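Scroll down for the structure; my scribbles are underneath it.
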Amino acid sequence: MAGSTAFQRSKGKLYAETFRCPGGALCLDFCNSGEGTRRASGAEWIASFTDLIDWLEAAEAVTGSQAARLRRAAAASPRAAAQVWGRAIKFREALFRGSVPGPECKG
């Protein structure tokens with residue numbers, strides 16, 4: 001994924017910051033999408049299933065046609081979509097906790 005291309009595609013969205021300085025791997029970029037919740041404002045950058053699909057599409061993790069199918073499935077089953085979004089956010093935060101040294105690791 002070209003970070004600048006993803007940044008341009010997601011311009012105007014809170015999660016665009018994820019792509020301004022990409023981590024070099026999809027998992028790192030996804031982990032960085034939680035930066036808003038870790039700031040004083042506590043704003044979630046990927047605030048819905050739709051935002052998640054938009055982010056994945058901007059990151060080129062899914063194609064436009066895959067994203068469209070996912071959006072249709074979400075419209076047909078909003079509760080399931082919300083559950084998938086919730087699991088994705090929990091996974092992202094687990095990635096973050098696993099990749100950032102805690103206070104006990106600081107010398």
Side-chain angles (χ1 to χ4, degrees):
M1 164 189 51
S4 62
T5 302
F7 181 67
Q8 290 302 317
R9 279 195 305 271
S10 60
K11 213 156 195 164
K13 302 268 189 172
L14 288 174
Y15 61 75
E17 281 298 303
T18 303
F19 304 117
R20 191 171 53 82
C21 185
L26 181 64
C27 60
L28 295 176
D29 292 337
F30 186 56
C31 187
N32 290 339
S33 75
E35 187 63 31
T37 61
R38 297 178 204 115
R39 293 182 179 178
S41 69
E44 174 58 64
W45 289 353
I46 298 178
S48 66
F49 182 82
T50 300
D51 282 348
L52 177 63
I53 300 309
D54 291 348
W55 185 90
L56 289 167
E57 189 174 12
E60 297 178 350
V62 298
T63 65
S65 62
Q66 289 169 325
R69 277 197 310 267
L70 288 166
R71 288 183 189 102
R72 284 192 301 274
S77 185
R79 186 174 179 178
Q83 289 174 337
V84 169
W85 169 81
R87 287 196 309 264
I89 298 306
K90 286 179 184 173
F91 176 69
R92 179 195 67 196
E93 293 310 305
L95 278 175
F96 176 75
R97 287 189 304 276
S99 65
V100 176
E104 68 280 355
C105 296
K106 294 183 180 174

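Numbers here simply count residues along the sequence, with the first being 1. All values derive from a computational prediction rather than experimental measurement.
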- Task: Looking only at non-hydrogen atoms, find the nearest pair between Glu93 and Gly34 and report the distance.
- Result: OE2-CA, 4.0 Å

- Minimum heavy-atom separation for Ala88 to Leu52, with atom names? CB-CD2, 3.8 Å

- Task: Mind checking the SG-CZ spacing from Cys27 to Phe91? Nearest 0.5 Å is all I need.
- Result: 8.0 Å

- Note on the structure: Note: Ala75 and Pro78 closest approach over all heavy atoms is O-CD, 3.7 Å

- Work out which heavy atom in Val62 is nearest to a heavy atom in Ile53; give both atom names and the distance. CG2-O, 4.5 Å

- Test side-chain contact (heavy atoms from CB on, under 4.5 Å) applied to Arg71 and Glu57, step by step: CA-CA 11 Å; Arg71 288 183 189 102; Glu57 189 174 12; 2.9 Å; yes

- Message: Under 4.0 Å between a side-chain nitrogen and a carboxylate oxygen: does that hold for Arg92 and Asp29?
- Response: no

- Considering all heavy atoms, the nearest Ser33-Trp55 contact: CB-NE1, 4.1 Å

- Considering all heavy atoms of both residues, which atom of Phe49 and which atom of Leu70 are nearest to each other, and what is their separation? CE2-O, 3.6 Å

- Query: Is the closest side-chain heavy-atom distance between Ile46 and Phe30 below 4.5 Å?
  - Reply: yes

